Number of protein chains: 2
Amino acid sequence: MELTKKQQEVLVFLRKRIREGLPPTIREIAAEFSFSSTGTVRDHLKALVKKGYLFLSEKKSRAMELTEKAMLTIPILGRVPAGVPVLAIENIEDYFNVDKLFSQKEDLFFLRVHGDSMIGAGIMPDDLVLVKKQPCAQDKDIVVCRIDGEATVKILRNRENRFFLEPANKNYSIIALNENSQIIGKVITTIRQYV
Amino acid sequence: MELTKKQQEVLVFLRKRIREGLPPTIREIAAEFSFSSTGTVRDHLKALVKKGYLFLSEKKSRAMELTEKAMLTIPILGRVPAGVPVLAIENIEDYFNVDKLFSQKEDLFFLRVHGDSMIGAGIMPDDLVLVKKQPCAQDKDIVVCRIDGEATVKILRNRENRFFLEPANKNYSIIALNENSQIIGKVITTIRQYV
DNA sequence: TGACAGCCCACACAAATGTGTGGTAGTATC
DNA sequence: GATACTACCACACATTTGTGTGGGCTGTCA
């Protein structure tokens with residue numbers, strides 16, 4: 001059930017248009033590929049549906065959706081030997097599903113990290129951490145907590161059912177979790193953008 | 001030029017549908033709000049356009065686009081004092097524009113980081129770095145380079161027009177840029193996802 | 001009072017759009 | 001030879017959809 005070259009081309013176009021926010025109509029697809037008949041487009045769309053790359057809704061204009069299989073991904077490279085092109089297929093370790101990163105329904109927010117208390121865990125000042133709001137977490141989770149009126153990032157430690165907030169920097173000390181320090185959420189991603 | 005409550009509601013619905021991948025038709029909007037006339041919807045859409053939240057294309061079904069002003073963003077929290085709710089408006093430092101992160105047209109790929117040579121810069125083993133392909137870069141840029149058949153991440157140094165690749169870890173040594181080490185691209189973002 | 005914005009309705013019309021039927025040609029498979 | 005898939009075309013038809021005109025009611029602001 002592999003895609004033919006032509007079907008690939010159509011899929012690439014659909015992906016582009018869907019990402020831009022407005023899926024094409026059948027006639028817009030026909031125009032793109034200089035097809036003079038709408039039937040031709042329908043053949044291709046039906047092939048994509050049949051092969052599991054596309055969902056179509058009936059009687060609704062532009063109503064198409066990519067399946068998981070067809071979603072836009074950015075290749076993740078692993079080891080890159082000398083001599084071969086960087087983006088050669090052999091180097092591709094996995095795909096990063098861009099469309100899924102932020103599609104979660106949970107209550108998410110970013111926190112801009114202040115201070116260097118988590119430097120040992122690779123969380124630098126001014127990094128953004130994506131936080132899922134939740135009142136508790138597990139041992140070793142990186143959590144956002146409120147200590148003395150300041151939101152900071154720490155590692156949660158569970159020692160015999162007593163909880164501690166541990167920094168990843170020896171210049172800071174461990175804090176026991178009490179009524180003055182409250183867990184706000186769990187860090188699920190960190191992002192650093194270079195200018 | 002503030003939005004009225006009703007216009008806000010309409011915008012929220014549009015944003016939801018646009019994010020889901022299929023902007024609504026005028027009649028679908030009417031159904032959502034139980035309007036019995038398409039004219040009513042057009043009044044609201046025109047108001048949103050006039051106030052700078054929406055672009056509409058003529059004679060094309062579902063052809064609407066959010067303006068920068070109206071785009072979906074995730075709040076970035078700064079300092080969070082005790083006592084106030086976490087997501088209180090006072091805490092919001094900025095907004096992270098999800099829709100823009102990956103919208104760049106350039107040739108991008110992710111590289112899974114192996115080794116600890118960049119630990120000092122907060123880039124840990126197994127982090128993902130988003131790389132923009134380019135054959136050269138500037139002093140202090142973090143670059144992906146190919147050294148002895150392995151893609152690694154390093155800091156580029158320009159000393160009197162001679163280029164060096166510098167690790168952020170004292171256990172590794174500086175390498176002069178030569179025919180055995182080639183710049184593949186520049187790191188523009190790092191991402192770490194916790195399971 | 002007048003002007004304007006917000007919010008709603010009814011209805012008609014033309015254009016855009018999906019659907020359906022049927023056809024041709026090439027290629028591959030059994 | 002039969003069958004199936006791919007890749008195109010032509011054309012008609014019904015529905016969906018955007019557009020346009022006209023109207024009503026409620027406010028606010030000058």
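Because only heavy atoms are used, hydrogens play no part in the values below, and waters and symmetry mates are left out as well, while side chains stay in. Since we're looking at a predicted model, the values are computed, not measured. Chain identifiers are assigned alphabetically (A, B, ...) following the order of the sequence lines, protein sequences preceding nucleic acid strands; residue numbering begins at 1 within each chain.
- Taking only side-chain nitrogens and oxygens, A:S37 never comes nearer than 4.0 Å to OP1 or OP2 of D:dC11.
- In this structure, B:T4 does not reach the C:dA5 phosphate: none of its side-chain N or O atoms is under 4.0 Å from OP1 or OP2.
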- Query: Could you walk me through whether B:R17 and B:E32 pass the salt bridge (charged side-chain N to carboxylate O under 4.0 Å, His left out) check?
  - Reply: CA-CA 11 Å; B:R17 290 291 305 269; B:E32 171 72 16; over 6 Å; no
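- Regarding contacts with the backbone of D:dA7, a side-chain N or O of A:Q7 is found under 4.0 angstrom from either OP1 or OP2.
- Residue A:T40 places no side-chain atom within donor-acceptor reach of the base of D:dA7, judged by atom type and a 3.5 Å distance cut-off alone.
- By the 4.0 Å N-to-carboxylate-O rule, A:E9 lies too far from A:K5 to be salt-bridged with it.
- Taking atom NZ on A:K6 and atom C1' on C:dT27, their separation rounds to 17 Å, with Å as the unit.
- Separating the CG atom of B:L54 from the C1' atom of D:dG18 is a distance of 15 Å, rounded to the nearest angstrom.
- For A:K46, no side-chain nitrogen or oxygen approaches OP1 or OP2 of D:dT6 to under 4.0 Å.
- The distance between atom CG of A:L56 and atom P of C:dT17, rounded to the nearest whole Å, is 16 Å.
- Applying the 4.0 Å criterion to OP1 and OP2 of C:dG6, one finds that B:K50 has every side-chain N and O outside that range.
- For A:I29 and D:dA7, the CD1 to P distance is 15 Å, given to the nearest whole Å.
- Within a 6.0 Å sphere centred on OH of A:Y194, heavy atoms belonging to other residues, nucleotides or ligands number more than 12.
- Both B:F13 and B:I18 are part of a single hydrophobic cluster, where members link through side-chain heavy atoms under 4.5 Å apart.
- When the C1' atom of C:dA14 is taken as reference, atom CD of B:E58 falls 14 Å away, rounded to whole Å.
- Rounded to a whole Å, the CG atom of A:L11 is 13 Å from the P atom of D:dA7.
- Here the straight-line distance linking atom NZ of A:K132 with atom CD1 of A:I184 works out to 16.0 Å at 0.5 Å rounding.
- Taking side-chain N and O atoms only, A:S61 has a distance below 4.0 Å to OP1 or OP2 of D:dT17.
- Atom CZ of B:F35 is separated from atom P of D:dG18 by 16 Å (rounded to the nearest Å).
- Each of A:D43 and B:H44 was assigned the nucleotide of DNA chain C with the nearest heavy atom; the assignment lying further toward the 5' end belongs to B:H44.
- The A:R27 side chain lies nearest to C:dT17 when the options are C:dT17, D:dC9, C:dC8.
- Under 4.0 angstrom from either OP1 or OP2 of D:dT15 there lies no side-chain N or O belonging to A:K60.
- At a cut-off of 3.5 angstrom, counting only N and O atoms as typed in the model, there is no donor on one side facing an acceptor on the other between the side-chain of A:R42 and the base of C:dG18.
- The B:K59 side chain lies nearest to D:dT19 when the options are D:dT19, C:dT19, D:dA7.
- B:I26 has its CD1 atom 15 Å from the C1' atom of C:dT17, to the nearest Å.
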